[in-house]
Amino acid sequence: MIAFVSGPVAALAPTTAVIEVGGIGMALQCTPHTLADLRVGKEARLATSLVVREDSLTLYGFRDDDERQVFELLQTASGVGPRLAQAMLATHSPDALRLAVSTGDEKALTAVSGIGKKGAQKLLLELKDRLGEPAGAHIGQQGVGTPPTAGWRDQLQAALIGLGYATREADEAVDAVAPQAEAAVAEGTTPPVPQLLRAALQTLNRAR
């Protein structure tokens, strides 16, 4: 198993980071929160989880070992593969997921794209004794639906700047997708940062 990779960031994409390790570019699937912390040319160290399939080898990257551990524990529930587990971590921090499961917060899980009401109920039952209790003291302040970093606007801007866009371009793209995020908030759900990032990138591509 590859426990982590360390080296300069060679390239960034909306869902992928390429880390140069010993002259080899390792492509890692990452959440927007993880990508927002990275900069091309800067050193990075990401915890990793290797998912082996008959026709593929996919390496997933995480900001720390705790996030990787939750990613792997989520997949012990029936119907949860690596993509859904990553979507859950893109929406909620590890401690927020622990809190949601320990308190039976169905609404927090249905905020994740791909999880419906019945799926959330099933996950709450299966994961109840697997994730453990939340360890971070910040949970009481942030709330279950708050992702690992600041609000959706800050996350989105940081991700766009990390992808090489100027601050002005990032600000304009964030403003362009703000109605989508505000609509999600009005419905009582967490703004879906991965979807907002894709929409923001489409806006930037049209402007060029």
Atom pair CD/SG of Q86 and C30 - distance to nearest 0.5 Å: 7.0 Å
Using the rule given for side chain to side chain contact (heavy atoms under 4.5 Å, CB included), can you reason through K122 versus K118, listing the C-alpha separation, both sets of side-chain angles and the distance that settles it, and then say yes or no? CA-CA 6 Å; K122 185 177 179 182; K118 289 184 178 180; over 6 Å; no
Does A199 offer a backbone N or O that forms a donor-acceptor pair with the side chain of T203 under 3.5 Å? yes
Quick check: does any side chain N or O of T110 sit under 3.5 Å from a backbone N or O of K107, one acting as donor and the other as acceptor? yes
Test side chain to side chain contact (heavy atoms under 4.5 Å, CB included) on Y60 and E67; report intermediate values, then the result. CA-CA 11 Å; Y60 290 81; E67 193 173 55; over 6 Å; no
When rounded to the nearest 0.5 angstrom, what distance separates CD1 in I115 from CD in Q121? 12.5 Å
Contact between P82 and Q75 at the side-chain level, heavy atoms closer than 4.5 Å - yes or no? yes
Going through the checks in order, is the side chain to side chain contact (heavy atoms under 4.5 Å, CB included) test met by L38 and L46? CA-CA 10 Å; L38 306 178; L46 297 179; 4.2 Å; yes
Distance check, rounded to the nearest 0.5 Å: H33 atom NE2 versus R63 atom CZ? 7.5 Å
Determine whether L109 and L125 fall in the same hydrophobic cluster, where Ile, Leu, Val, Met, Phe, Trp and Tyr are linked whenever their side-chain heavy atoms lie under 4.5 Å apart. no
Report the distance from atom OG1 of T48 to atom CZ of F71, rounding to the nearest 0.5 Å. 10.5 Å
Please give me the minimum heavy-atom distance between V40 and A10, naming the atom from each residue. CG1-O, 3.9 Å
Is the side chain of E169 donor-acceptor paired with the backbone N or O of A166 at a distance under 3.5 Å, no angle test? yes
Any luck finding a side-chain donor-acceptor pair between Q29 and T58 under 3.5 Å? no
Less than 4.5 Å apart, any side-chain heavy atom of I2 and any of M26? yes
If I compare all heavy atoms of L123 with all of M88, which pair ends up nearest, and what's the gap? CD1-CE, 4.4 Å
With clusters defined by side-chain heavy atoms of hydrophobic residues (ILVMFWY) lying less than 4.5 Å apart, directly or transitively, does V21 cluster with V18? no
Within the 4.5 Å heavy-atom criterion, are L74 and L127 side-chain neighbours or not? yes
Distance in Å, H92 NE2 paired with T31 OG1, rounded so as to fall on 0.5 Å steps: 13.0 Å
Hey, are the side chains of E126 and S78 touching, using non-hydrogen atoms and a 4.5 Å cut-off? yes
Once you round to the nearest 0.5 Å, how far does OG of S49 lie from CZ of R68? 7.5 Å
Here the pair of heavy atoms bringing P14 nearest to L201 is CG-CD1, 3.1 Å
Considering all heavy atoms of both residues, which atom of G61 and which atom of L28 are nearest to each other, and what is their separation? CA-CD2, 3.6 Å
N/O donor-acceptor pair under 3.5 Å between R83 side chain and V80 backbone: no
Give the cluster check for F4 versus L35: same hydrophobic cluster or not, with ILVMFWY residues linked at side-chain heavy-atom distances below 4.5 Å. no
When you compare the side chain of L89 with that of F62, does any pair of heavy atoms fall below 4.5 Å? yes
Ionic contact status for D175 with R153, cut-off 4.0 Å: yes
Can you check whether I19 reaches R45 side chain to side chain, under 4.5 Å on heavy atoms? no
Closest non-hydrogen contact found for A87 with S113 is CB-O, 4.5 Å
Any side-chain heavy atom of Q69 within less than 4.5 Å of one from L73? yes
Counting only heavy atoms not in R130, do more than 12 sit closer than 6.0 Å to its CZ atom? yes
Side chain to side chain contact (heavy atoms under 4.5 Å, CB included) for T103 and R98? Distances and angles first, verdict last. CA-CA 8 Å; T103 59; R98 291 189 183 101; over 6 Å; no
Shortest non-hydrogen pair, A200 vs V177, comes out as N-CG1, 3.6 Å
